[in-house]
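All values below come from the heavy atoms of this structure, side chains included, with hydrogens, waters and symmetry mates left out. In this text the structure is predicted, and so the values were computed from the model without any measurement. Within every chain, numbering begins at 1; the chains are lettered A, B, ... in the order of the sequence lines, protein sequences first and strands thereafter.
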2 protein chains.
Amino acid sequence: MSGLSIGQVAERTGLSVHTLRFYEREGLLAQPVRRGAAGHRIYDEGDVDWLGVCIRLRASGMPLTDIRRYTELVRAGQGNEAERLEVLREHRERVLAQRHELDECLKLITHKVDIYESRLGLRDHVPDCAPLSQESEPG
Amino acid sequence: MSGLSIGQVAERTGLSVHTLRFYEREGLLAQPVRRGAAGHRIYDEGDVDWLGVCIRLRASGMPLTDIRRYTELVRAGQGNEAERLEVLREHRERVLAQRHELDECLKLITHKVDIYESRLGLRDHVPDCAPLSQESEPG
DNA sequence: GTAGGATCTAGAGTGCGCTCTAAGGCAAAC
DNA sequence: GTTTGCCTTAGAGCGCACTCTAGATCCTAC
């Protein structure tokens, strides 16, 4: 019951088997994956958990090199917590900036959606301050 | 006073002149850019505004092909507002999903930051529910 | 015993979004 | 008149993160 094949891990994580091998080559796994009789990879729950972290870091835009760096710190063991913290804090700042940017985009998009909805009569009331958007000119 | 060189537009938008030419080739501009005596591009304020929109759409992850599609609709003029609206709504959904994902990542990162800060004695109180993170194991 | 399916490796290929190069034109400054 | 600097084009190159291919091995089922 202990041990997952690469296919099973792919299924659980949503990563492809290709990507799992790729991530391992890139040094993104906390430990080298255990191997079975025929040289097949055997993952444990810890690996899956760690991959979950990697996926989240990727999803928030952390480049693979940074994830590798962080992984190396973790692998090196106790004593480098300050460095780990720095990596995380820097990334958090970037994510916050990214979210702010996203919110600005959302404002713009929602503003345009509102305009088109009222133009198309999909709203009861015309939004109060929408005279002419950029898209009116070219048309 | 009317008319900006590609260099000036680059400065205003933060895009490189290379990227400006690239975007034009890719059909991201509402109109073909006016040309001066020596074949030099002359942008107007409307172009800069439109580029601002493109930049925001890009920043929120809209692929160039989708931006081109939207631009084409705008260029085609009145009568396709429903299509424009659909493009915008779909993108808004994606942006919202993206922001949600970002928030999840933020939770994870902040949780780890908290752990390391208390481990390093940078906090007055240990966060109430943080026994051992994944990173404790490998170390 | 052989067919199917999962796995392995090394390495090539892909898609996206730029980014840069090379070779040249024009215009103002010195 | 030549240097400087910004502009032009076509097209090549790059960085990232996968993604896939080829050729081989191994196990299970029929």
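Considering only the side chain of B/H40, D/dC7 comes nearest among D/dC7, C/dC8, D/dC18. Between C/dT7, D/dC7, D/dG11, one nucleotide has an atom nearer to the side chain of B/R25 than all others, and that is D/dG11. Between D/dC18, C/dT7, C/dC20, one nucleotide has an atom nearer to the side chain of A/F22 than all others, and that is D/dC18. Counting only heavy atoms from C-beta on, B/P63 has its side chain closest to C/dG17 among C/dT7, C/dG17, C/dT21. Of the candidate nucleotides D/dT19, D/dC18, D/dT8, D/dT19 has the atom nearest to the side chain of A/H18. Checked against D/dC18, C/dT7, D/dC26, the side chain of A/A38 finds its nearest nucleotide in D/dC26.
Between the C1' atom of C/dC18 and the CD1 atom of B/I67 lies a distance of 13 Å, rounded to the nearest Å. Atom CG of A/L4 and atom C1' of C/dT7 are 15 Å apart (whole Å). The OH atom of B/Y43 sits 13 Å away from the C1' atom of D/dC6 (whole-angstrom rounding). Here the P atom of nucleotide D/dG5 and the CD atom of B/Q8 are 17 Å apart, to the nearest Å. If you measure from atom CG of B/L15 to atom P of C/dC20, you get 14 Å, rounded to the nearest angstrom. Note: CD (B/E11) to P (D/dC7) measures 10 Å, nearest angstrom. Rounding to whole angstrom units, CD of residue B/E24 and P of C/dG17 are separated by 18 Å. When the C1' atom of D/dT8 is taken as reference, atom CZ of B/R34 falls 18 Å away, rounded to whole Å.
Listed pair B/Y23 / C/dG17 fails the phosphate criterion, with no side-chain N or O lying under 4.0 Å from OP1 or OP2. Contact annotation: B/R21 side-chain N/O to D/dT9 OP1/OP2 distance is not under 4.0 Å. In terms of phosphate contacts, B/R35 brings a side-chain nitrogen or oxygen within less than 4.0 Å of OP1 or OP2 of D/dT9. The side chain of A/R58 places no N or O atom within less than 4.0 Å of a non-bridging phosphate oxygen (OP1 or OP2) of D/dC16. For A/R68 and D/dA17, the shortest distance from a side-chain N or O to OP1 or OP2 is not below 4.0 Å.
Side-chain contact between B/D66 and B/V87: absent, with no pair of heavy atoms (C-beta onward) separated by less than 4.5 Å. Annotation: side chain of A/R68 is in contact with side chain of A/E72 (closest heavy-atom distance under 4.5 Å).
Checking B/S5 against B/H40 by side-chain atom types alone, no donor-acceptor pair falls below 3.5 Å.
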request  = Assess whether salt bridge (Lys or Arg N to Asp or Glu O under 4.0 Å) is satisfied between B/R58 and B/E26, documenting all intermediate values.
outcome  = CA-CA 14 Å; B/R58 274 297 302 135; B/E26 292 295 301; over 6 Å; no
Chi angles and distances behind the salt bridge (Lys or Arg N to Asp or Glu O under 4.0 Å) call for B/R34, B/D44 = CA-CA 9 Å; B/R34 204 155 42 99; B/D44 58 33; 5.4 Å; no
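As judged by a 4.0 angstrom heavy-atom cut-off over every strand, A/S5 is placed among residues touching the sugar-phosphate backbone only.
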